[in-house]
Number of protein chains: 2
Amino acid sequence: MSENKIGSYIFAVNYLVVFSKACEYGIKATTYIASQSLEERRVSLKSIAEEIDSPVAFTAKILQTLARNKIIDSSKGPTGGFLIEKKKMDEIKLSQIVSAIDGDNIYKGCGLGLSECNASRPCPVHHHFAKIRNDLRKMLENTSINELASGLEVGLTYLKR
Amino acid sequence: MSENKIGSYIFAVNYLVVFSKACEYGIKATTYIASQSLEERRVSLKSIAEEIDSPVAFTAKILQTLARNKIIDSSKGPTGGFLIEKKKMDEIKLSQIVSAIDGDNIYKGCGLGLSECNASRPCPVHHHFAKIRNDLRKMLENTSINELASGLEVGLTYLKR
DNA sequence: CAAATAAAGGACAATTTTGTCCGAAATAAC
DNA sequence: GTTATTTCGGACAAAATTGTCCTTTATTTG
Ligand code: FES
Ligand code: FES
């Protein structure tokens with residue numbers, strides 16, 4: 001992380017963030033749970049946090065949100081843990097995870113923070129921006145958890161470094 | 001802004017943020033200053049903040065940073081204010097503003113927060129993500145302030161609403 | 001039924017980002 | 001030189017996000 005000064009204060013940089021931390025953890029957790037569900041294994045909070053390299057308690061909050069949104073299935077008690085039904089894996093898209101965690105009305109925002117992105121009254125970067133944002137939206141809507149989990153299972157992708 | 005619950009707390013959502021607020025204000029301010037500089041007018045902090053609809057004191061910090069980075073020119077005293085030399089406008093790209101405010105090593109980050117984005121050890125979304133991030137980088141590197149300022153001057157684009 | 005286990009949930013703490021306030025320094029006009 | 005104006009810079013405050021701790025609730029096993 002580079003440090004840069006703005007006025008008197010220093011603030012550490014968060015890259016060209018697209019997802020919040022909560023979302024990052026949510027996507028990674030869901031992917032990991034799915035990959036284990038492919039093998040009929042329920043996974044515990046602890047093992048998830050370890051596998052995706054995330055703070056345990058914070059991850060718990062996110063999993064609760066995902067469970068309330070029926071994206072993942074949770075059960076308490078011994079042998080409990082998290083699971084995703086195989087038949088649902090193809091239906092669950094990245095966009096749903098993002099919506100569950102960061103709320104709806106996502107892709108709508110103006111790149112320069114205008115209260116509304118509107119092509120008939122565009123901000124200076126609208127034309128440049130809209131295409132990229134649209135590509136991102138499409139990508140999120142077209143990418144299924146099944147796809148991500150498969151890549152992980154086969155050892156093609158990784159969840160930590 | 002939608003409200004969404006994560007666990008016990010409620011947090012307001014910041015869209016699929018790409019720029020920080022500081023960056024947004026920086027881009028808008030620079031664009032406005034440039035559009036006025038095309039007409040040989042220096043502009044004051046106050047008028048900038050008003051025109052781009054941003055908090056005055058916070059905007060001041062950002063303008064200071066941009067001035068230190070020689071992206072804009074500032075002068076004190078009566079008749080003082082901010083200015084961009086016409087001959088520099090073609091050279092100043094969005095990427096420079098972003099770097100000045102949010103620091104360097106921007107476009108490098110992994111979409112899922114891995115410590116490093118690495119194609120030979122990719123995260124599950126790397127393949128989907130890299131293209132979008134690259135498009136964004138190119139866009140920022142190719143868009144000049146002159147271009148943005150011209151659109152604004154002609155009344156094709158807007159800075160608030 | 002008791003004990004052990006694991007998620008749910010509430011309260012709270014740390015950090016980061018955003019935003020404010022106010023005096024200092026520079027400069028132009030008188 | 002004094003005054004008015006405008007940016008600079010430091011300290012501080014608020015808000016949002018990220019992260020922790022601890023108690024409760026559900027469930028399995030013996
Ligand atoms: S109006 Fe700014 S991105 Fe569309
Ligand atoms: S490794 Fe995650 S985006 Fe490249």
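Both backbone and side-chain heavy atoms feed into the values below; hydrogens, waters and symmetry mates do not. Proteins come first, then strands; the chains are lettered A, B, ... in the order of their sequence lines, and each starts at number 1. Remember, it's a predicted structure, so these values are computed and weren't measured experimentally.
- The side-chain heavy atoms of Glu51(B) and Gln36(B), taken from C-beta on, include no pair separated by under 4.5 Å.
- Nearest to the side chain of Phe82(A), among dG19(D), dA7(C), dC21(D), sits dA7(C).
- Taking atom NZ of Lys76(A) as the reference point, atom C1' of dA3(C) lies 17 Å away to the nearest angstrom.
- In this structure, the CD1 atom of Ile48(A) is 12 Å from the P atom of dA6(C), given to the nearest Å.
- Across dC21(D), dA28(C), dC8(D), the shortest atom-to-atom separation from the side chain of Pro78(B) is found for dA28(C).
- In the displayed structure, Lys160(A) atom NZ is contacted under 6.0 Å by more than 12 heavy atoms of other residues, nucleotides or ligands.
- Counting only heavy atoms from C-beta on, Lys21(A) has its side chain closest to dG19(D) among dG19(D), dG19(C), dA7(C).
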Quiz item: Given Lys28(B) and Glu24(B), is the salt bridge (charged side-chain N to carboxylate O under 4.0 Å, His left out) satisfied, shown in steps?
Solution: CA-CA 6 Å; Lys28(B) 290 203 281 188; Glu24(B) 282 181 16; 5.5 Å; no

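- Atom pair Arg68(B):CZ and dG10(D):C1' shows a separation of 12 Å (rounding to whole Å applied).
- Taking atom CD on Glu24(A) and atom P on dT18(D), their separation rounds to 9 Å, with Å as the unit.
- Closest contact between the side chain of Ser44(B) and the listed nucleotides dA4(C), dT7(D), dG10(C) involves dT7(D).
- When each of Val56(A) and Thr79(A) is assigned the nucleotide of DNA chain D bearing its nearest heavy atom, the one mapping closer to the 5' terminus is Val56(A).
- Atom CZ of Phe58(A) is separated from atom P of dC21(D) by 15 Å (rounded to the nearest Å).
- More than 12 heavy-atom neighbours from other residues, nucleotides or ligands sit within 6.0 angstrom of CD on Glu141(B).
- For Gln64(B) and dA25(C), the CD to P distance is 15 Å, given to the nearest whole Å.
- Note on ring orientation: taking the six-membered ring where Trp is involved, the planes of Phe129(B) and Phe19(A) are tilted (angle from 30° to 60°).
- In the set dT18(C), dG9(D), dA7(C), dG9(D) carries the atom at the smallest distance from any side-chain atom of Lys61(B).
- Summarising the geometry, the separation between CD1 on Ile62(A) and C1' on dG9(C) is reported as 15 Å, rounded to the nearest angstrom.
- The interatomic distance linking Tyr25(B) (OH) with dG19(C) (P) rounds to 4 Å, in whole Å.
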